[in-house]
Structure formats: C-alpha cells, structure tokens
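For reference, the structure discussed in these notes is given below.
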There are 2 protein chains.
Amino acid sequence: MGMEFLPDKPIYQQLVEHIIGDIIRDTLVTGEKLPSVRDYAISVGVNANTMQRVYKELENLGITETRRGQGSFVTENQMRIQELREEMKEQLVQSFIQNVEALGFTTNEMVHYLQRRGEQDD
Amino acid sequence: MGMEFLPDKPIYQQLVEHIIGDIIRDTLVTGEKLPSVRDYAISVGVNANTMQRVYKELENLGITETRRGQGSFVTENQMRIQELREEMKEQLVQSFIQNVEALGFTTNEMVHYLQRRGEQDD
DNA sequence: TCTAGTGTATTAGTTATATAGTACACTATG
DNA sequence: CATAGTGTACTATATAACTAATACACTAGA
C-alpha cells in the first residue's frame, strides 16, 4: 500500500505512465478490468479524484474503455496499444534530445554514456 | 528579442539550462560577464524577477560569481564547470532511464532508437 | 425496487510559477 | 561626493496545476 512519487512531475501523470508501462509489459492484458477508481486510489495512497483523472487520461489515450457502473477495461484493440507504444517512445526520445541539446551535449555523447550504464546494470 | 519556452517546465528552469548549455558549448567562456539582470530579462522577454531567480540559481550551482554593483561573471573555476557538466549528464540520463522503465521499455531498445535518430540528423 | 459498487461532476483549497512595482545597497567613475 | 549602473529584497497579485471533499448518476444483482 502506497507508492513513491517524484516531486518534479504531477502524480496523476506518473500513474498514467506507470499503468501504460504495465500494459506495455503485459502485466495488464487486453480486456482486463482495472481496479475501481476508489480501490486503486486507496491502494496507491492518492485521492480518488487524482485516480479518476488518471483513468480519464487513459481513456482519452484510447487504451482503456469505461463502462459506467461497471468499471474500466484495457482495450481489446491491440493495434492501438502498439501504436501508443511507439508514440510514447518517440515522445520520450524527443524530449530527451531537447534537454540534451539545451544543455550543450550531443546525442552521440549521451548514447555512449547510456551504453556504459547499460553494461553495468545487466 | 524574445525566446520560446515549453509549457511543461518553469521558465526560470529552462533559462538556467540554456545558460548552462552556453557555458558547456563555450558560447559563454570563463570569466565572461553576463548581461545585467534587467537587460537580459528584456532581451529574452521575461520579468526581471524571473531573471534574477535564474542568476541566483546559477550562483548556487557555483558556475557564476556575482559582484554586487558590477554584475555576474562565469566562474574562473574550470574544474567546477567540468564537474557540473558531468553532474548534469548523469542527472539527465538517470531521469531518462526512470521514464524509460516506468513506461515499460528497456534501455537497450531506447539506445538503438536514439542511434537511428542520430544517423538521420547528421 | 433497494442497495452496493461503479464512474462522473462540481466546488474549494493549496502550492508553484510568473509577473509587477518599488525600495534599498553596493561599485565605479566623473 | 553625486550619479549611473549594477545586484538584492520585499510585498502583492494573477494564474494554473494539483489535490481534496462531497454530492450525483448509472448498472447489476439480490
């Protein structure tokens, strides 16, 4: 019960990303029912409205479908999931490159650094 | 006159990063005097207080030195600049990896993607 | 038809960011 | 010593982002 959040990003956004991560990792699968807004809110330790916003975002992204009175479910549309996966990847890389350039680094330098880090972890 | 800012990050922070970038790129060199708070604020199109905050951050980071009544100058301490460069790099990579993992990607996948992007740009 | 479980809407409060205006303090220079 | 140029401090305001609390609406099933 409870989850750690970084102070530099909205909680709801971190939750959205975490759930998308679960879908990408297949921890949450197609058609699966998500916990109710209130249950999930409690288990994570946030306000129910915050969680509601998370579910709304997920629905706007087209990766969940909500049936009033029933709950939210991961979409059956596998294509949309793959699409979103690529969108998120592109967006992540783009904002990374933006930061890299603002700070005067080159993408090449960062790639090398990332590779060295990767070797250590695996 | 005027500068573009992204909506997802505080203006003062973007300015700090931009100036650090100028130092890393050697667009701003050791010992060089920065414009006055007021002048710089006008040229960029922000309020003077916002720019003051930027200068304060830079001084806290130890890469500028402020002499009251004279102005702010890039530190003569080359070592500190190199140090900061590595700090920023590490921090950038760390937060990137955090996002990558939250979204269910692997560092390896992202490195490959970054490399393909790099080839296109150069 | 009642009730428990679900999503939804509305309103309010807190905090961070940015802006604005004004006054003060230090330094160099004529 | 007067003045212009510089950084600094303080108070106030506006706005947006985020979180919180509460009330409402729909669905399924006993």
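Per chain, numbering begins at 1; letters A, B, ... match sequence-line order.
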For this session: Rounded to the nearest angstrom, tell me the gap between atom CG in D8(A) and atom P in dT15(C).
Result: 19 Å

For this session: Please report, rounded to the nearest Å, how far the P atom of dT8(C) is from the CD atom of E65(A).
Result: 13 Å

Problem set entry | Among Q82(B), E83(B), Q78(B), side-chain hydrogen bond (donor to acceptor under 3.5 Å, both in side chains) partner for R80(B) | E83(B)

Seminar exercise, completed: Between CG of N60(A) and C1' of dT8(C) the distance, given in whole Å, is 14 Å

For this session: Hey, which sits more toward the 5' end of DNA chain D by its nearest nucleotide, T50(A) or L34(B)?
Result: L34(B)

Exercise. Quick one: do the T30(B) and E76(B) side chains pair a donor with an acceptor below 3.5 Å?
Worked result: no

For this session: Tell me whether L15(A) is reachable from F73(A) by hopping between hydrophobic residues (I, L, V, M, F, W, Y) whose side-chain heavy atoms are closer than 4.5 Å.
Result: no

For this session: Provide, to the nearest angstrom, the distance between the CD1 atom belonging to I42(B) and the P atom belonging to dT19(C).
Result: 13 Å

Problem set entry | N/O (side chain, S36(B)) to phosphate O (OP1/OP2, dG5(D)) under 4.0 Å | no

Exercise. Strictly by modelled atom types, are T75(B) and E65(B) linked by a side-chain donor-acceptor pair under 3.5 Å?
Worked result: yes

Exercise. Starting at NZ of K33(B) and ending at P of dA28(C), how long is that distance when rounded to a whole Å?
Worked result: 13 Å

Seminar exercise, completed: Between CG of L15(B) and P of dT17(C) the distance, given in whole Å, is 14 Å

Problem set entry | Nearest-angstrom distance from the residue atom CE of M51(B) to P of dG5(D) | 19 Å

Problem set entry | Candidates dT17(C), dT6(C), dT8(D) - which lies nearest the side chain of T66(B) | dT8(D)

Donor-acceptor pairs under 3.5 Å, side chain of residues 31-41 of chain A to any protein atom, not counting sequence neighbours: which ones?
from: E32(A); atom 1: OE1; to: V29(A); atom 2: N; distance (Å): 3.0
from: S36(A); atom 1: OG; to: D39(A); atom 2: N; distance (Å): 3.1

For this session: For nucleotides 21-30 of chain D, just jot down a letter per nucleotide in 5' to 3' order: B, S or -, based on protein non-hydrogen atoms under 4.0 Å.
Result: BBB-BBSS--

Exercise. Taking it one step at a time, do S72(B) and T64(B) satisfy side-chain hydrogen bond (donor to acceptor under 3.5 Å, both in side chains)?
Worked result: CA-CA 6 Å; S72(B) 282; T64(B) 62; 5.0 Å; no

For this session: Round to a whole Å and report the spacing from CG of D39(B) to C1' of dA4(D).
Result: 13 Å

Exercise. Under 4.0 Å: is that the gap between some side-chain N or O of Y55(A) and OP1 or OP2 of dG7(C)?
Worked result: no

Problem set entry | Neighbour count >12 (heavy atoms, 6.0 Å) for atom NZ, K56(B) | no

